[in-house]
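Notes follow once the structure below has been shown.
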Amino acid sequence: MDSSITDPPLPSFIANLSTFNDPRLFSSNLLSAPGNPLSCNLITFLAAVQNLEVEILPLQWQSTRSLIGKGGTSQISQAVINLETSIAFKRVSEQDKLRLDDEEIFRRIISEILVLAHEGIRGHPNILELQGVSWDVSSPPKGNSSEIQSAESMKDTKIWPVLLFEMSRYGDLGRFAALPAGRSLDHSARLDICLQIGTALATMNSNGVVHGDIKP
């Protein structure tokens with residue numbers, strides 16, 4: 001199996017982040033492996049985005065809308081772009097911002113966009129396509145408004161990448177199954193959904209990627 005990313009070509013310092021030869025893609029042991037001396041930070045992320053030709057989009061989630069999902073490492077916000085399109089924003093969870101160091105967070109995010117941009121995965125009809133990235137700016141609590149304190153507080157401002165995906169019309173599979181549209185599916189249609197899920201997982205596995213967090 002050819003595990004390199006060839007379209008577009010990556011410079012060696014970005015290609016070294018690819019872990020397709022090891023199925024433990026997102027394990028904490030792998031992310032902190034001493035054999036990978038590359039420092040992962042905002043600059044490294046921008047280099048990966050540029051070379052993978054991922055768009056940086058001027059979009060922001062709507063904070064007045066509730067979260068549509070929350071996992072161990074991320075939280076999913078949403079925004080309605082127009083009558084036909086809604087966007088899901090995959091953000092670093094508040095828990096991870098507190099418990100993980102910045103380098104590990106960036107390594108996880110870069111690993112994810114490397115997976116989504118892999119030639120055997122990108123454009124697959126049954127795998128979510130990364131639409132682009134935007135930013136989550138975490139500012140420290142406001143205190144005295146003096147210019148000196150404002151300048152000091154800017155040093156603590158952090159910028160986290162956000163991954164953007166097109167939202168499904170009916171939400172996740174669990175929500176769809178509870179809706180009339182899902183409950184009315186016949187046996188053949190339900191088997192077809194299972195087949196599509198299996199095809200997506202088989203494609204990821206054949207490219208050396210283990211999802212490890214399958215849920216409806």
Side-chain angles (χ1 to χ4, degrees), residues 26 42 45-46 48-49 52-100 102 104-117 121-143 145 153-154 156-185 189-190 193 196-197 200-201 204 211-216:
F26 294 113
L42 181 60
F45 174 81
L46 289 171
V49 164
L52 293 170
E53 298 182 353
V54 177
E55 288 191 72
I56 298 177
L57 301 174
L59 297 176
Q60 186 77 2
W61 61 93
Q62 295 165 333
S63 57
T64 54
R65 291 177 173 267
S66 60
L67 294 176
I68 58 174
K70 193 172 184 180
T73 60
S74 61
Q75 53 190 356
I76 313 298
S77 300
Q78 60 181 314
V80 176
I81 305 304
N82 53 48
L83 292 176
E84 299 180 349
T85 306
S86 295
I87 296 293
F89 297 77
K90 187 173 184 180
R91 304 160 51 207
V92 179
S93 69
E94 297 301 323
Q95 180 182 3
D96 273 6
K97 290 177 184 178
L98 294 174
R99 72 182 182 89
L100 298 178
D102 295 2
E104 183 166 350
I105 291 175
F106 274 100
R107 190 179 300 280
R108 288 173 180 265
I109 298 173
I110 294 171
S111 292
E112 184 163 358
I113 64 172
L114 283 169
V115 169
L116 295 170
I121 294 175
R122 194 173 198 169
H124 191 283
N126 303 124
I127 298 177
L128 274 176
E129 184 175 355
L130 180 64
Q131 301 296 317
V133 300
S134 64
W135 309 110
D136 179 5
V137 180
S138 298
S139 301
K142 294 182 179 180
S145 60
S153 65
M154 286 298 292
D156 297 323
T157 298
K158 293 188 175 182
I159 300 176
W160 305 109
V162 180
L163 306 186
L164 276 59
F165 302 90
E166 186 173 355
M167 278 182 59
S168 168
R169 177 183 176 186
Y170 294 107
D172 60 31
L173 184 57
R175 294 179 184 178
F176 172 70
L179 294 173
R183 295 197 302 269
S184 65
L185 291 180
R190 296 185 185 197
I193 291 176
Q196 292 181 51
I197 295 172
L201 291 174
M204 295 180 70
H211 191 292
D213 186 25
I214 303 298
K215 52 183 176 290

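- Using a cutoff of 4.0 Å between basic side-chain nitrogens and carboxylate oxygens, Glu112 and Arg108 are not scored as salt-bridged.
- Distance CD1/Ile159 to CG/Leu42: 6.0 Å, rounded to 0.5 Å.
- Here the CH2 atom belonging to Trp160 is positioned 10.5 Å from the OG atom belonging to Ser93, to the nearest 0.5 angstrom.
- Between Glu94 and Gln75, the closest side-chain pair of non-hydrogen atoms falls below 4.5 Å.
- Between Pro161 and Ile109 the shortest side-chain heavy-atom distance falls below 4.5 Å.
- Inter-residue side-chain proximity for Phe89 and Leu59 is flagged as met; some heavy-atom pair is nearer than 4.5 Å.
- Judged by distance alone, the side chains of Arg65 and Ser77 never bring a donor and an acceptor atom under 3.5 Å apart.
- Remark: Arg107 CZ to Leu100 CG distance equals 12.5 Å, nearest 0.5 Å.
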Just do the side chain to side chain contact (heavy atoms under 4.5 Å, CB included) check on Leu67 and Ile76 with the steps written out, would you?
CA-CA 6 Å; Leu67 294 176; Ile76 313 298; over 6 Å; no

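- Of all heavy-atom pairs spanning Leu164 and Val162, the tightest one is CD1-O, 3.5 Å.
- The closest side-chain heavy-atom distance from Phe106 to Val92 is not below 4.5 Å.
- Atom CZ in Arg99 sits 7.5 Å away from atom CD in Glu104 (nearest 0.5 Å).
- Using a 4.5 Å heavy-atom threshold, the side chains of Phe165 and Leu130 count as touching.
- Remark: side-chain polar atoms of Thr85 are not paired, donor with acceptor, to backbone N or O of Ile81 under 3.5 angstrom.
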Pair Gln62, Gln78 - check side chain to side chain contact (heavy atoms under 4.5 Å, CB included), show working.
CA-CA 6 Å; Gln62 295 165 333; Gln78 60 181 314; 5.6 Å; no

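- Using a 4.5 Å cut-off on side-chain heavy atoms (C-beta onward), Phe45 and Val133 make contact.
- Heavy-atom minimum distance, Ser184 versus Ala181: OG-O, 3.1 Å.
- Leu116 is not listed as a side-chain neighbour of Arg122, based on a closest heavy-atom distance of 4.5 Å or more.
- Counting non-hydrogen atoms of neighbouring residues, nucleotides and ligands closer than 6.0 angstrom, the CD atom of Glu55 reaches no more than 12 such neighbours.
- Contact record, Ser74 with Lys90: OG-CE, 3.4 Å, taken as the closest heavy-atom pair.
- Taking a cutoff of 4.0 Å between a charged side-chain nitrogen and a carboxylate oxygen, Lys97 and Asp136 qualify as a salt bridge.
- Atom-to-atom distance recorded for Asp102:CG and Ile105:CD1 is 6.0 Å, nearest 0.5 angstrom.
- Atoms CE and CG, from Met204 and Asn126 in turn, are 12.0 Å apart once rounded to the nearest 0.5 Å.
- Distance alone, capped at 3.5 Å, is enough to place a donor-acceptor pair between the Arg190 side chain and the Leu185 backbone.
- A cation-pi geometry, defined here as NZ or CZ lying under 6.0 Å from the six-membered ring centre and within 45° of its normal, holds between Arg91 and Trp61.
- Within the 4.5 Å cutoff, side-chain heavy atoms of Leu173 are placed close to those of Ile193.
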